[in-house]
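Here's the structure, in structure tokens; my notes come after.
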Amino acid sequence: MTLPALALVQALWFAPVAWGEAMGQAHILTGPERRRRWTAEQKRAIVAAAFAPGAVVVEVARHADVCAGQIYRWRRDLRAAVADFAEVMMVPAVTPAAALGGDAIELVLAGGAQIRVPAGTAPELAAAVIRAVAGR
């Protein structure tokens with residue numbers, strides 16, 4: 001190849017494209033839509049299945065065709081929706097003799113609920129119990 005022929009090849013190969021001559025590209029995506037809409041019931045069911053005893057989050061995510069991180073996000077969102085929820089277990093009014101003799105704070109709420117908090121209880125725990133029973 002001679003020198004003028006090499007210059008011609010370089011000129012054609014590295015030649016800039018004029019603004020009016022640019023080619024457009026179109027991409028056609030086939031298959032199911034990747035952004036799916038999940039109902040609240042579907043999210044709760046998937047989260048419940050993922051965190052059931054003996055379940056593996058990654059396997060549940062694979063079965064539901066979502067990322068495992070999405071399940072953790074749904075769980076966080078579901079917990080935030082019920083942020084002030086506290087599980088309370090009602091027991092008979094009979095208490096051990098040791099609890100009756102010690103110092104305690106007794107509360108009677110407007111709805112008739114009674115709370116007896118022993119004096120040695122952590123303030124954060126006592127406040128959480130009172131908020132839960134009071135319904136706030």
Side-chain angles (χ1 to χ4, degrees):
M1 194 179 267
T2 64
L3 190 58
L6 183 60
L8 179 63
V9 170
Q10 282 183 331
L12 291 176
W13 183 263
F14 297 109
V17 177
W19 285 104
E21 299 175 14
M23 293 183 65
Q25 292 182 352
H27 297 279
I28 300 173
L29 303 175
T30 59
E33 179 185 3
R34 291 308 300 166
R35 183 177 179 93
R36 291 168 288 181
R37 310 286 184 215
W38 298 91
T39 64
E41 294 81 24
Q42 290 172 324
K43 291 177 184 180
R44 276 193 292 274
I46 292 171
V47 169
F51 296 103
V56 178
V57 176
V58 175
E59 291 176 4
V60 174
R62 190 176 302 123
H63 179 71
D65 195 25
V66 296
C67 295
Q70 183 68 56
I71 293 177
Y72 286 106
R73 172 67 184 260
W74 288 344
R75 180 178 67 167
R76 186 176 68 229
D77 292 346
L78 290 172
R79 283 182 176 171
V82 290
D84 291 333
F85 175 76
E87 185 174 346
V88 177
M89 184 173 76
M90 303 302 284
V91 296
V94 179
T95 58
L100 292 176
D103 293 335
I105 300 171
E106 294 185 22
L107 300 170
V108 179
L109 301 177
Q114 295 180 354
I115 303 172
R116 182 179 170 95
V117 181
T121 304
E124 297 84 17
L125 177 61
V129 169
I130 293 168
R131 277 195 307 270
V133 173
R136 290 193 249 160

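Values reported hereafter were calculated over all heavy atoms of this structure, with side chains retained and with hydrogens, waters and symmetry mates removed. Everything numeric in this text was worked out from a predicted model, so none of it was measured. Throughout, residue positions are numbered sequentially from 1 according to the sequence presented.
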Which heavy atom of [X] sits nearest a heavy atom of [Y], and at what distance?
{"X": "A55", "Y": "A49", "result": "CB-O, 3.1 Å"}
{"X": "A104", "Y": "P118", "result": "CB-CA, 4.0 Å"}
{"X": "I46", "Y": "A64", "result": "CD1-CB, 3.9 Å"}
{"X": "A50", "Y": "I71", "result": "CB-CG2, 3.7 Å"}
{"X": "Q42", "Y": "R37", "result": "OE1-O, 4.1 Å"}

Within 6.0 Å of CZ in R73, more than 12 heavy atoms from elsewhere
no

Is there a path of hydrophobic side-chain contacts, each under 4.5 Å between heavy atoms of I/L/V/M/F/W/Y residues, joining V60 to V58?
no

Indicate yes or no for a side-chain donor-acceptor contact from Q70 to the backbone of C67 under 3.5 Å, with no hydrogens or angles considered.
no

Could you go through R36 and D65, starting from their C-alpha distance and side-chain angles, then the distance that decides it, and tell me whether this counts as side-chain contact (heavy atoms from CB on, under 4.5 Å)?
CA-CA 10 Å; R36 291 168 288 181; D65 195 25; 3.4 Å; yes

Short N-O contact, R62 and E59, less than 4.0 angstrom:
no

Salt-bridge contact D77-K43 (side-chain N to carboxylate O under 4.0 Å):
no

